[in-house]
2 protein chains.
Amino acid sequence: MGTKQPVTIRDVAADVGVSRQTVSRVLNKGPNVKPAVRARVEESMERLGYVPNISARRMRGSRSYLILAINDRQRTYENWRAGRGNDWVDQMLFGGMTECERQGYHLVFELIDTQPEKAQGQLSKVISELRPDGVILTPPHSDNATLTDLLEEFGIACARIGRRDGGAFVDVCMDEAGAGFEAARHLADLDHTRIAYLAGSPYYGNSLMRVDGYRDLLCERGLPYKEDWIGKGEFNFDTAIPVVQAWLEQEERPTAIIADNDQMAFAVLHVADRLGIGVPQDLSLVSLEDTPGVRLSVPPMTAIRQPTAAMIAKACSGLISESSGSAAGGRYELPFELIRRESTARLK
Amino acid sequence: MGTKQPVTIRDVAADVGVSRQTVSRVLNKGPNVKPAVRARVEESMERLGYVPNISARRMRGSRSYLILAINDRQRTYENWRAGRGNDWVDQMLFGGMTECERQGYHLVFELIDTQPEKAQGQLSKVISELRPDGVILTPPHSDNATLTDLLEEFGIACARIGRRDGGAFVDVCMDEAGAGFEAARHLADLDHTRIAYLAGSPYYGNSLMRVDGYRDLLCERGLPYKEDWIGKGEFNFDTAIPVVQAWLEQEERPTAIIADNDQMAFAVLHVADRLGIGVPQDLSLVSLEDTPGVRLSVPPMTAIRQPTAAMIAKACSGLISESSGSAAGGRYELPFELIRRESTARLK
DNA sequence: CTGAAAGCGCTTACAG
DNA sequence: CTGAAAGCGCTTACAG
């Protein structure tokens with residue numbers, strides 16, 4: 001036990017009879033190696049089972065082959081503790097690990113606090129420790145300039161999920177307005193004309209864009225737009241309940257509701273059940289967030305599926321090409337998907 | 001941009017006016033530093049914002065401050081793709097990251113294939129790249145001797161989740177027999193006497209232990225034990241359906257069922273609904289696996305909650321103390337929890 | 001196209 | 001109790 005020594009560049013060099021640099025050049029696919037030598041080195045690496053030591057590579061100023069994916073600590077812990085099965089982290093890992101592995105990188109997932117001062121200190125610490133080649137920021141950190149400033153100072157590439165500015169960063173988002181628009185269109189196509197909308201926090205630009213998309217569709221179809229039917233629910237179950245209840249007790253109540261997130265969609269299901277209003281017979285419902293709860297609810301909900309895995313994969317590939325000297329920054333908008341389940345039906 | 005240079009041990013040494021070693025000694029809480037010097041060094045590290053570079057520490061043969069948590073690739077991908085919200089990975093990260101952070105470590109999550117040959121090559125690769133101080137193996141890799149042999153050869157500490165041998169490894173498990181026993185006891189306490197059991201794969205020792213616990217309880221209470229009422233469902237929804245159907249169509253059908261995993265528990269709910277058998281009025285159900293689907297089902301199921309986060313946290317702390325020279329190996333059995341929800345009721 | 005030298009930021013023996 | 005030296009496994013200038 002403990003006897004196996006890992007193979008180093010020195011072993012390969014000795015085996016082939018060349019210098020360590022030559023091996024390094026082959027490893028990094030650099031120029032200036034005779035094809036015959038390159039082949040012999042490659043054969044030797046394969047035969048000896050050589051794998052480069054990431055720590056050593058990182059030392060002499062080069063790449064670390066590490067991408068850091070940062071999530072908000074409070075939100076993540078809350079989801080984990082609640083056990084409601086929000087699969088955002090899973091989808092992040094899915095997309096990120098797949099892409100990193102494809103390119104010989106490793107994804108390291110870390111949590112930092114929301115408060116700007118603490119966040120900066122924590123990010124600074126993990127960067128100094130790990131020296132990643134790139135960092136992925138997710139909401140709400142995507143909007144924290146203290147963090148992006150810090151990354152710029154350190155000269156580390158940065159990708160922001162949910163941002164659409166582009167510029168020096170790799171910004172990856174989905175078509176938020178399109179999501180609101182498509183949800184409303186799906187309902188309008190089912191002959192609904194009285195469509196209410198449970199909006200998210202007005203502090204989130206992305207939520208605002210979704211409302212705009214909804215409004216655009218109503219406009220395009222000439223459907224009535226009532227200010228009263230845009231509920232400001234502040235992102236949770238409890239605060240959405242009274243809003244929904246007020247709507248559903250009206251004489252001319254909405255026949256369809258779009259909910260900005262899964263918790264608010266559950267609130268709709270809850271109130272409808274209490275009032276004896278059947279979903280989807282009497283009321284159609286679309287969730288703009290697709291979580292396991294949304295898929296497993298009774299009935300399973302029609303929902304907009306955010307391309308989380310694809311967004312993180314895109315962030316990784318952008319970061320990797322940036323750290324290998326290719327084009328820096330960019331703006332990528334990925335397509336969402338409307339998944340029809342059983343919470344929406346044609347108006348009778 | 002790119003101008004900020006991280007603070008190194010050399011900066012601190014120059015600042016205080018001592019050698020780099022002295023700083024290193026303070027950093028590693030080593031002996032042989034005069035208290036006054038130690039205090040000045042610590043003050044300087046704090047003031048300069050010094051954070052040790054993990055790659056550099058790893059180089060000169062010391063620790064890497066990295067713990068590698070390995071999951072099975074196929075299973076993990078399948079869960080992620082299915083989107084049923086199995087939160088095993090989340091709970092792993094929750095427990096592992098919390099403990100690692102507390103001790104100044106980082107948790108790196110990686111996937112390797114099931115097939116022994118591929119698994120070995122992949123583990124060998126990631127170990128050579130990252131040089132972690134310890135590796136956590138989860139089922140089914142916990143049972144793969146090729147992997148543990150490899151780790152022993154490399155001299156890397158290893159923890160196995162779901163194993164109970166102890167010995168040189170840090171083995172962390174839960175009381176499987178106790179889980180089967182408690183599930184049955186809960187039902188017996190509700191006056192049930194005809195309790196059937198949907199067992200998991202006979203290839204998993206842990207599943208077998210749970211059946212034993214169930215059998216022990218029946219024995220202790222003098223309840224009838226029928227070989228027919230132990231279903232061999234092989235771990236999934238489809239294969240459990242006919243077994244459950246046969247049971248529930250019997251004259252003297254079971255009044256309670258224990259399911260080894262969530263998929264089989266869903267199968268029970270499904271068949272009961274089709275046959276017009278109410279849960280929990282006419283049939284009680286306990287799931288031995290607690291996933292978001294189990295919590296969100298209609299009705300929410302009474303279930304055994306596996307201490308996943310705590311097991312991974314224990315594995316991390318065991319690995320960390322082993323790599324810092326303390327006691328090696330050990331066997332830890334963590335308590336599970338029976339969570340009463342709405343799928344079990346007193347027999348009328 | 002190839003190699004000898006220096007160095008990344010630490011820690012490990014070894015002197016004093 | 002403290003420090004000068006060597007080295008971990010690589011890559012980056014710099015010579016040839």
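Below, chains carry the letters A, B, ... as their sequence lines are ordered, and counting in each starts from 1.
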Item to check | Heavy atoms from other residues, nucleotides or ligands near CD of Glu117(A) exceed 12 (cutoff 6.0 Å) | outcome: yes
Item to check | Whole-Å distance separating the CG atom of Leu48(B) from the C1' atom of dG9(C) | outcome: 15 Å
Checklist entry - Out of dG3(C), dC10(D), dT2(D), which nucleotide sits closest to the side chain of Val18(A)? => result dG3(C)
Checklist outcome for this item: Rounded to whole Å, the OH-C1' distance (Tyr65(B) to dT11(C)) equals 10 Å
Item to check | Integer-rounded Å distance: dT2(C) C1' and Arg40(A) CZ | outcome: 12 Å
Checklist entry - Reading DNA chain C 5' to 3', what string of ( ), [ ], | and . shows its pairs, if Watson-Crick and G-U wobble pairs count only when both distances fall under 3.5 Å? => result |||.||||||||.|||
Checklist entry - Does the side chain of Ser19(A) get closer than 4.0 angstrom to OP1 or OP2 of dG3(C) through an N or O atom? => result yes
Checklist entry - Whole-Å distance between dC10(D) P and Tyr50(A) OH? => result 3 Å
Checklist entry - Around Arg47(B), counting heavy atoms of other residues, nucleotides and ligands shown, do more than 12 lie under 6.0 Å from its CZ? => result yes
Item to check | salt_bridge(Glu43(B), Arg40(B)) N-O dist < 4.0 Å | outcome: no
Item to check | Nucleotide dC10(C), atom P - distance to CD of Glu129(A) in whole Å | outcome: 11 Å
Checklist outcome for this item: Atom CD1 of Ile54(B) and atom C1' of dT11(C) are separated, to the nearest Å, by 15 Å
Checklist outcome for this item: Atom CZ of Arg20(A) and atom P of dG3(C) are separated, to the nearest Å, by 12 Å
Checklist entry - Starting at CZ of Arg60(B) and ending at P of dG9(D), how long is that distance when rounded to a whole Å? => result 9 Å
Next on the checklist: Nearest to the side chain of Ile9(B), heavy atoms from C-beta on, is which of dG9(D), dT11(C), dC10(D)?
Outcome noted: dT11(C)
Checklist entry - Picking from Arg160(B), Arg163(B), Arg164(B), what satisfies salt bridge (Lys or Arg N to Asp or Glu O under 4.0 Å) with Asp143(B)? => result Arg163(B)
Item to check | Closest nucleotide among dG9(C), dG3(D), dG3(C) to the Thr22(B) side chain | outcome: dG3(D)
Checklist entry - For Val37(B) and Ala56(B), take the nucleotide of DNA chain D holding the closest heavy atom to each; which residue's nucleotide lies nearer the 5' end? => result Val37(B)
Checklist entry - Among side-chain atoms of Gln120(A) and Thr146(A), is any donor-acceptor pair under 3.5 angstrom? => result no
Next on the checklist: As an exercise, state the distance from OG1 of Thr114(A) to NE2 of His141(A), rounded to the nearest 0.5 Å.
Outcome noted: 5.5 Å
Item to check | Pair Asn28(B), Arg63(B): side-chain N/O donor-acceptor within cut-off below 3.5 Å | outcome: no
Checklist entry - So which of residues 23-33 of chain B are in contact with DNA chain C, with a heavy-atom cut-off of under 4.0 Å? => result Ser24(B), Asn28(B)
Checklist entry - Just how far is it from atom CZ of Phe94(A) to atom CG of Asn79(B), taken to the nearest 0.5 Å? => result 11.0 Å
Identify all side-chain donor-acceptor contacts of residues 309-321 of chain A below 3.5 Å with residues at least two apart in sequence or on another chain.
| residue | atom | partner | partner atom | Å |
| --- | --- | --- | --- | --- |
| Ser317(A) | OG | Lys314(A) | O | 3.1 |
| Ser321(A) | OG | Ser317(A) | O | 3.2 |
| Ser321(A) | OG | Gly318(A) | O | 3.2 |

Checklist entry - Which nucleotide sits closest to the side chain of Arg57(B): dT11(C), dT2(D), dG9(D)? => result dT11(C)
